[in-house]
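Heads up: the structure comes next, in structure tokens.
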Amino acid sequence: MQAAAHAVARTVQGHWPQGAVLFLCGPGNNGGDALVAAQILREQGRVVSVFSLVDPSARQGTAAWAQTQWQGRWESQCPDFRRFSVVVDGLLGAGLDRPVEGETAALIQALAASKVPVCAIDVPSGLDGATGQARGVVAPASVTVSFVRYKPGHVLYPGRDLCGKLELADIGMPAPALQEATTWLNEPTLWRRYLPQLSAQSHKYTRGHALVIGGDRMTGASRLAARAAQRAGAGLVSMAVPPSVWPVYASALDSIMVAPLDESITQDERIRAWLVGPGAGLGEETRRLTLALLATGRPCVLDADAISSFAAQPQELLGAVHEQCVLTPHSGEFARVFDAELDRLEAARLAARQCGAVMVLKGADTIIAAPDGRALINACAPPWLATGGSGDVLAGLVCGLLTQGMPAFEAAGAAVWLHSQAALEFGPGLIPEDLLQVLPRVWQRLLAME
């Protein structure tokens, strides 16, 4: 608690070096951190006020010890927030699992309405640290200082916005061992060792052959996906398209082979991974084709229409997918087949468990969930990635990595990271084709990492 309090005091001094400071203290250890931090700042000469949400005598355990550290006066009622340069929020912790009510809710609401800068301890009060959801009312923080490791609520929306700038402090507590955790930030250390390895003897056949299904109307979607599969490293990429639009695809693609779409594609043993969905069209034909591809047992990426076509028969899809499949829906597509009433993290986990496949629930905080409960949260996607066609590129990247033998969960995590980093590399003004152009630079940076 002393280490945590010193971290809070340093954060306050670093961001708000002048002016009076108000500490709001709850009954638990967050309130204890606040009390000790208040005394540290008082001893450093700052003007400090403390308001306790509970009778000081009600504190127990470590929080009761923290109360003995505060040598200043207690405010009998909450002061006017506007008298202070910053308010330190130590009311409630990250384990909140019910709506905030009564006097606590009124206090948080008043703090939010004051527009005074807030430094939150662990999480802004009213925020569920496990889900990133507001439990009633939350006072958004300018800065949130947390300890040891981030919590899902720090990086899942709306929590990511409500936390403001995140600062993680080392307070001497060991982080849980990697094998004991189930949720991680999506970073290369988790999947880099699974990336395809090239040698001087590698050739196009050892790198694998991917096949992308093309539709007869939105032809650009599947072409973007096929090119992304190439950028992911697939040795060969083919497209199977309706005969009526074969000339459209054949004239637009150079290094990608185009063949007429018929039932014989499932018999081609050279194909290591399939991708169906981008621009495929909704309906029975897409549903039937998806089932045929899944029946091969080979890795398969299902995106967009390949998922939505099962809106009326969700159990049919759940029974057909397998552990080498990756589904890449956005929230709307997800809700047509899966339970979207839960928070995003738990909804993705449940869907992955139900279908026994990897779920990539796309969004500003894309979640990659495995059937065994593991989950990655991607926190590096820029807002300009939200443009039509970028999801097709992502699906193609997943397919290209599966084609080279990456396990489904790690392939999905790597693809989402590469996708986000390519968008960051290019910057605002991005269109999906730009992702394909900058991916080589992202690959070079990734492979150069220690």
Side-chain angles (χ1 to χ4, degrees), residues 1-81 83-96 100 103-104 107-108 110-111 114 116-127 129 139 141-149 151 163-175:
M1 184 169 282
Q2 286 178 321
H6 276 283
V8 172
R10 284 195 301 271
T11 299
V12 172
Q13 292 284 55
H15 290 274
W16 299 277
Q18 297 179 340
V21 184
L22 173 65
F23 283 80
L24 301 179
C25 303
N29 283 348
N30 263 38
D33 294 340
L35 285 167
V36 179
Q39 180 63 24
I40 291 169
L41 288 181
R42 180 174 178 269
E43 292 173 356
Q44 293 175 357
R46 296 294 296 269
V47 176
V48 180
S49 296
V50 169
F51 174 73
S52 178
L53 187 63
V54 296
D55 187 318
S57 64
R59 289 194 171 84
Q60 297 179 347
T62 310
W65 168 83
Q67 182 174 293
T68 67
Q69 305 303 297
W70 172 240
Q71 302 300 310
R73 61 183 294 270
W74 298 86
E75 298 288 343
S76 59
Q77 59 183 14
C78 187
D80 181 356
F81 296 124
R83 290 171 34 208
F84 301 90
S85 61
V86 60
V87 175
V88 179
D89 174 5
L91 293 172
L92 303 172
L96 184 67
V100 182
E103 180 185 0
T104 305
L107 182 62
I108 295 172
L111 177 59
S114 74
V116 173
V118 174
C119 175
I121 299 177
D122 209 15
V123 296
S125 293
L127 182 69
S142 302
V143 178
T144 295
V145 56
S146 192
F147 317 107
V148 184
R149 60 175 178 173
K151 297 171 176 64
C163 287
K165 181 182 179 182
L166 278 169
E167 295 189 359
L168 193 65
D170 179 2
I171 58 172
M173 292 175 60

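Computation of the quantities below employed the complete heavy-atom set of this structure, encompassing side-chain atoms and omitting hydrogens, waters and symmetry-equivalent molecules.
Here the CH2 atom belonging to W74 is positioned 6.0 Å from the SG atom belonging to C25, to the nearest 0.5 angstrom. Here R149 contributes atom CZ and L168 contributes atom CG; the two are 10.5 Å apart, rounded to the nearest 0.5 Å. Within the model, atoms SG of C163 and NZ of K151 stand 10.0 Å from one another, a figure rounded to the nearest 0.5 Å. The line from CD of E43 to CG of L41 is 9.5 Å long, rounded to the nearest 0.5 Å. Remark: Q2 CD to Q69 CD distance equals 6.5 Å, nearest 0.5 Å.
For residues 19-35, there are no side-chain hydrogen bond (donor to acceptor under 3.5 Å, both in side chains) pairs, not counting sequence neighbours.
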For this session: Please assess V148 against D170 for the test side chain to side chain contact (heavy atoms under 4.5 Å, CB included), listing each intermediate value before the final yes or no.
Result: CA-CA 5 Å; V148 184; D170 179 2; over 6 Å; no

For this session: Start with the C-alpha distance between F23 and V86, add both sets of side-chain angles, then the distance that settles side chain to side chain contact (heavy atoms under 4.5 Å, CB included), and finish with yes or no.
Result: CA-CA 9 Å; F23 283 80; V86 60; over 6 Å; no

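Checking side-chain atoms of R46 against main-chain N and O of G19 turns up a donor-acceptor pair under 3.5 Å. Under a 3.5 Å cut-off, the side chain of D122 and the backbone N or O of G93 do not form any donor-acceptor pair.
Judged by distance alone, the side chains of Q39 and Q71 never bring a donor and an acceptor atom under 3.5 Å apart.
Within a 6.0 Å sphere centred on CD of Q44, heavy atoms belonging to other residues, nucleotides or ligands number more than 12.
The shortest non-hydrogen separation linking F84 to P79 is CE1-CB, 3.8 Å. Across all non-hydrogen atoms, the minimal contact from C119 to V12 is SG-CG2, 4.3 Å. W16 and S142 make their closest contact through CZ2-CB, 3.9 Å (heavy atoms, listed as atom of the first residue, atom of the second, distance). Here the shortest heavy-atom pairing between S49 and E75 reads OG-OE2, 3.3 Å. When all heavy atoms of S125 and L92 are compared, the closest pair comes out as OG-N, 2.9 Å.
Residues passing the side chain to side chain donor-acceptor pair (under 3.5 Å) test with T11, sequence neighbours excluded: E167.
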